[in-house]
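Just below is one structure, and these are the notes that go with it.
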Amino acid sequence: MALPGRLRALILAVALPLLFLSASEAGTVGINYGRVANDLPNPAAVVQLMKQQGIAQVKLYDTEPTVLRALANTGIKVVVALPNEQLLAAASRPSYALSWVRRNVAAYYPATQIQGIAVGNEVFASAKNLTAQLVPAMTNVHAALARLSLDKPVKVSSPIALTALAGSYPPSAGVFREDLAQAVMKPMLDFLAQTGSYLMVNAYPFFAYSGNADVISLDYALFRPNAGVLDSGSGLKYYSLLDAQLDAVFTAVSKLGNYNAVRVVVSETGWPSKGDAKETGAAAANAAAYNGNLVRRVLSGNAGTPRRPDADMDVYLFALFNENQKPGPTSERNYGVFYPNQQKVYDVEFVLGGNSAGGGGSSGKDNGGLGWQDNGGVNAGNAPAGAGGGVKATSTGEAWCVANAMAGEERLQKALDYACGPGGADCKAIQPGAACFEPNTMVAHASYAFNDYYQRKGRTIGTCDFAGAAYVVNQAPSE
């Protein structure tokens, strides 16, 4: 699959600005910091942990003063929340909204870089009696920000759950519930468009997979290579369950009007590391794969969906810690990336190159400036078997680098050209007539080249990335 030198040079010349562009336009990854627990570290320690891990954005569920003060002068961007129980007061009394914004936003800004206010949380699902009050509350909070000259840097939104949809499969059939579409969602979208804000969506492929594991592929849910699912209504093919969920939302939005300018932010998504026996798929290895692959995909600028391929996605993982006082099934208390003692539940990085804990840095000297990182020999560390994404290789050395089919042939070709050229991979075996030429597919040839490069680099972190075109697996590829 390696191309003649002159043609390869031409492709690389074109690829350079494109890959730099994708890196600069990549989405961002933040974390949800919930505190429904009695064993969490103090806010100052939590903020230090976030800084060490390279977490630059955090979403809160309230406006706890000790947390907001701890975040001051850190550069970490913050989304605060007006809880559901205060919606009615904020909706019916503009003076209440103004007082709330003065006390909980203006009092800390700009030292604490508050960039958004989540007015309520999953109101349609958890506070149905307040549904009619949601948009009036958002409007009053925004008016208060405007009065204090904070409406430009601080945006107002409200996270919605996928239960706001009456239908979501296939994605082209996405539609909001009849009781919400015209009464709430259209006014909300008008508000978001007028104020330059974004739609916040809480999306959990875990729930869909766990309840339908007999018909939904685990690889499809975890961003791993899979056969894909065709949407017969649109003709689009999906290789990710999260993509399908988000495109169902995009479809539902489009049925209410032209809101293409309204971005979508994934305000919550995650995968539990533990669950009850009936919670199929709840496991540390799957949580590591889901979050790791998602982080790498977002940060590499490859987060678009089939319906919106150029959309850069901002994502907030759920959650920072396991929270031992959350009610419900075991999974509810095991979404954390960290234990309360600040040790990782599983290994996932928040920056490309695997160097989020600070120190070292990534030289990038081996990548020819192509927009991905080579970590220059950092030890690979430990991770659950079958992890992948931003997850480190196992200490046993059983790790392979494979192509990410969701990256698309153009991105794979650019990465393949680099691996077989400046990267120094031995690609003789995938030339026509050679031992590994068959199967003659882009994914198969790219996987061979990426893995050869990865093994030659000692399987170090960052050498199986290629701007999101590859990732690590801990089980030998079938081909």
Side-chain angles (χ1 to χ4, degrees), residues 1-27 223-225 237 239-240 243 293 295-306 309-313 352-353 362-375 388-390 400-432 436-437 439-457 460-473 477:
M1 212 66 163
L3 298 175
R6 206 179 309 174
L7 181 55
R8 184 168 63 229
L10 176 61
I11 290 178
L12 286 174
V14 174
L16 284 169
L18 288 175
L19 286 168
F20 274 126
L21 183 65
S22 69
S24 66
E25 292 185 351
F223 306 100
R224 296 196 299 220
K237 196 165 190 179
Y239 297 92
S240 156
D243 280 355
N293 288 331
V295 167
R296 176 154 298 178
R297 183 179 165 190
V298 171
L299 295 182
S300 64
N302 190 32
T305 67
D310 298 325
D312 292 313
M313 203 70 68
L352 287 181
S362 178
S363 66
K365 61 184 180 294
D366 291 318
N367 64 19
L370 290 176
W372 52 76
Q373 293 180 313
D374 183 337
N375 210 349
W400 294 264
C401 184
V402 297
N404 177 9
M406 292 183 291
E409 291 212 352
E410 182 180 2
R411 188 180 290 246
L412 288 175
Q413 183 69 68
K414 291 168 187 172
L416 177 59
D417 289 336
Y418 170 76
C420 293
D426 184 353
C427 297
K428 297 186 185 71
I430 55 174
Q431 301 305 312
C436 296
F437 181 71
N440 181 19
T441 67
M442 177 68 72
V443 171
H445 288 188
S447 291
Y448 183 96
F450 296 165
N451 188 59
D452 188 85
Y453 176 88
Y454 177 61
Q455 304 300 334
R456 287 170 184 273
K457 297 295 181 182
T460 52
I461 300 169
T463 59
C464 180
D465 184 8
F466 298 98
Y471 63 94
V472 174
V473 297

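Count residues from 1 along the sequence.
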* Residues two or more places apart in sequence or in another chain: which of them pass side-chain contact (heavy atoms from CB on, under 4.5 Å) with Ala429? ->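 With sequence neighbours excluded, Ala429 shows a side-chain contact (heavy atoms from CB on, under 4.5 Å) to Cys436, Tyr448, given in chain and number order.
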* Under the side-chain contact (heavy atoms from CB on, under 4.5 Å) rule, collect the residues that match up with Phe223, sequence neighbours excluded. =>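 For Phe223, the residues satisfying side-chain contact (heavy atoms from CB on, under 4.5 Å) (neighbours in sequence not counted) are Ser240, Leu242, Tyr290, Asn293, Leu294, Arg297, Met406.
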Looking at [atom1] of [X] and [atom2] of [Y], how far apart are the two atoms once the value is rounded to the nearest 0.5 Å?
X      : Y      : atom1 : atom2 : value
Tyr453 : Cys427 : OH    : SG    : 12.0 Å
Phe466 : Cys401 : CZ    : SG    : 6.0 Å
Gln455 : Cys464 : CD    : SG    : 9.0 Å
His445 : Gln413 : NE2   : CD    : 11.0 Å
Leu416 : Arg411 : CG    : CZ    : 14.5 Å

Which pair of non-hydrogen atoms, one from [X] and one from [Y], has the smallest distance, and what is that distance?
X      : Y      : answer
Ala446 : Leu412 : CB-CD2, 4.4 Å
Val443 : Ala405 : CG2-CB, 4.0 Å
Val298 : Met313 : CG1-O, 3.2 Å
Cys420 : Ile430 : SG-CD1, 4.5 Å
Thr463 : Lys457 : CG2-CB, 3.6 Å

* Asked: So, Asp417 side chain and Ala419 main chain: donor-acceptor pair closer than 3.5 Å or not?
  ->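 Not confirmed, Asp417 side chain does not pair with Ala419 backbone.
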* Asked: Between the side chain of Asp452 and the main-chain N/O of Ala425, is any donor-acceptor distance below 3.5 Å?
  ->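 Not confirmed, Asp452 side chain does not pair with Ala425 backbone.
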* Set of residues satisfying salt bridge (charged side-chain N to carboxylate O under 4.0 Å, His left out) with respect to Lys237, sequence neighbours excluded ->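 Expected list: none.
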* To do: Go through the steps for Arg456 and Asp426 under the test side-chain contact (heavy atoms from CB on, under 4.5 Å), then give the verdict.
  => CA-CA 10 Å; Arg456 287 170 184 273; Asp426 184 353; 3.1 Å; yes
